[in-house]
Amino acid sequence: MDLTSWVILPFLLGSVGIYGLLKLLQRLRSSAYIQDAVVVITGATSGLGKECAKVFYEAGAQVVLCGRNEEGLKDVIKQLCLIRGGAMKFHKPHMVIFDLSDVEAVASAAREILHLVGKVDILINNAGVSYRGAIVDTKLSVDRTIMDTNYFGPVALTKVMDKTTAEGRTPEEVAQIVLRAVGERSKDVLVAGPLPTLAVYLRVLAPKLFFSLMAARAKKERKFKDS
């Protein structure tokens with residue numbers, strides 16, 4: 001082994017050790033965050049939603065399972081209850097039955113979820129439908145169902161108009177921006193104030209910092225509403 005190898009080898013081993021330690025700390029921090037967190041999962045009767053229910057329940061989260069099939073949700077809850085054992089603290093799983101494509105039902109379900117668990121820490125918008133076929137043969141009703149289930153339903157379940165949204169640009173301001181963009185043949189236009197614009201770029205350049213700031217902001221607003 002030459003002199004270069006004697007110098008590089010300890011450096012590599014040290015780097016691997018530090019990386020492993022950082023990953024371990026990250027995993028412990030992640031486990032602490034999930035423990036006792038309220039996790040709402042849509043489309044929880046099968047597939048990815050069902051598996052998410054299992055892993056979050058095993059990690060100590062309080063899960064709320066959502067879907068259209070009552071018997072399917074009950075079956076998943078039975079499977080979760082079989083996991084119990086050992087020193088791990090398990091929360092009672094809940095289920096809320098609703099059709100994500102029915103926006104009014106979604107609003108009612110959101111109120112029921114808050115009544116059951118009081119808050120939502122993590123929302124997993126897993127439910128969705130897909131369709132394969134030629135566009136000329138696809139009925140408009142199919143397009144509506146897909147958009148209601150895959151877009152409007154999750155948006156309705158997620159949305160509280162916050163201060164930033166309420167204080168957005170006026171229609172008059174946006175109209176002027178659109179006019180200028182068309183005149184200048186701009187391909188991409190960001191219609192936002194200085195801080196939202198900064199947030200957009202921050203999400204691309206430093207996503208971890210962006211989500212940390214967003215989480216802190218949401219926590220601050222929640223405390224303000226509760227006070």
Side-chain angles (χ1 to χ4, degrees), residues 29-70 72-81 83-84 88-129 147-166 196 199 203 207-227:
R29 184 180 179 185
S30 175
S31 300
Y33 173 67
I34 295 172
Q35 179 76 37
D36 300 324
V38 176
V39 181
V40 177
I41 306 171
T42 64
T45 55
S46 62
L48 179 59
K50 180 179 178 180
E51 295 306 313
C52 283
K54 289 180 180 179
V55 296
F56 276 94
Y57 183 75
E58 288 177 340
Q62 184 175 8
V63 296
V64 181
L65 311 182
C66 303
R68 295 178 296 177
N69 188 332
E70 181 177 359
L73 292 175
K74 286 181 178 178
D75 183 61
V76 176
I77 287 179
K78 287 180 182 177
Q79 294 181 43
L80 296 183
C81 291
I83 298 174
R84 296 180 180 180
M88 173 68 75
K89 175 186 175 183
F90 289 99
H91 296 277
K92 176 185 175 182
H94 297 279
M95 70 176 186
V96 177
I97 305 160
F98 67 97
D99 186 346
L100 200 61
S101 65
D102 185 345
V103 177
E104 292 185 3
V106 171
S108 176
R111 290 192 293 269
E112 184 178 351
I113 291 170
L114 292 176
H115 176 73
L116 285 172
V117 292
K119 63 172 184 173
V120 176
D121 296 307
I122 301 168
L123 171 61
I124 301 178
N125 276 318
N126 168 72
V129 296
M147 289 300 295
D148 284 341
T149 304
N150 294 358
Y151 179 72
F152 290 111
V155 167
L157 188 60
T158 307
K159 184 180 288 188
V160 173
M161 180 180 285
D162 62 11
K163 183 180 178 183
T164 302
T165 305
R203 179 172 182 175
K208 287 188 177 181
L209 176 59
F210 169 81
F211 286 112
S212 295
L213 292 173
M214 291 298 102
R217 179 172 178 262
K219 187 176 181 180
K220 181 180 179 181
E221 290 187 355
R222 187 162 60 243
K223 286 183 178 179
F224 177 75
K225 290 179 180 179
D226 294 339
S227 61

**Student:** Which pair of non-hydrogen atoms, one from Lys119 and one from Val38, has the smallest distance, and what is that distance?
**Tutor:**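 Smallest interatomic distance, heavy atoms only, reads O-CG1, 3.2 Å.
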**Student:** Output a table of donor-acceptor pairs, distance under 3.5 Å, between side-chain atoms of residues 104-113 and any protein atom two or more places apart or on a different chain; print 'none' if there are none.
**Tutor:**
none

**Student:** How long is the straight-line distance from CG of Leu213 back to CG of Leu209, given to the nearest 0.5 Å?
**Tutor:**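 So the CG of Leu209 and the CG of Leu213 are separated by 4.5 Å.
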**Student:** Specify the closest pair of heavy atoms between Ala53 and Leu80, including all atoms of both residues, with the distance to one decimal.
**Tutor:**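 Scanning both residues completely, I find the closest heavy atoms to be O-CD2, 3.9 Å.
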**Student:** Taking atom CG of Asn125 and atom OG1 of Thr42, what is their separation to the nearest 0.5 Å?
**Tutor:**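 OG1 of Thr42 is found 5.0 Å from CG of Asn125.
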**Student:** Does some side-chain heavy atom of Gln62 sit less than 4.5 Å from a side-chain heavy atom of Val64?
**Tutor:**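 They are not in side-chain contact.
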**Student:** List the steps, then state whether salt bridge (Lys or Arg N to Asp or Glu O under 4.0 Å) holds for Lys74 with Glu70.
**Tutor:** CA-CA 6 Å; Lys74 286 181 178 178; Glu70 181 177 359; 3.3 Å; yes
**Student:** Let me confirm one number: the CG-CG distance from Leu100 to Asn126, rounded to the nearest 0.5 Å.
**Tutor:**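 It is 10.0 Å, given to the nearest 0.5 Å.
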**Student:** Looking at every heavy atom in both Ala44 and Val76, which two are closest together, and how far apart are they?
**Tutor:**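 Heavy atoms of Ala44 and Val76 come nearest at O-CG2, 3.5 Å.
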**Student:** Could you give the distance from CG (Asp121) to CG (Asp36), rounded to the nearest 0.5 Å?
**Tutor:**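 Reported value, rounded in 0.5 Å steps: 9.5 Å.
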**Student:** Rounded to the nearest 0.5 Å, how far does CD1 of Ile122 lie from CZ of Phe56?
**Tutor:**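 Answer for the CZ-CD1 pair, Phe56 versus Ile122, is 5.0 Å.
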**Student:** Please round to the nearest 0.5 Å and tell me the distance separating atom OG of Ser46 and atom CG of Leu73.
**Tutor:**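 So the OG of Ser46 and the CG of Leu73 are separated by 10.0 Å.
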**Student:** Of the non-hydrogen atoms in Ile41 and Cys52, which two are nearest, and what is the gap between them?
**Tutor:**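 Scanning both residues, the minimum pair turns out to be CD1-C, 3.8 Å.
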**Student:** Give the minimum heavy-atom separation between Leu114 and Val120, together with the two atoms involved.
**Tutor:**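 That would be CD2-CG2, 4.3 Å.
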**Student:** Any side-chain heavy atom of His91 within less than 4.5 Å of one from Tyr57?
**Tutor:**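 Of all side-chain heavy-atom pairs linking Tyr57 with His91, none is under 4.5 Å.
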**Student:** Can you name the nearest heavy-atom pair linking Met95 to Leu116, along with the distance?
**Tutor:**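 For Met95 versus Leu116, the nearest heavy atoms are O-CD1, 4.4 Å.
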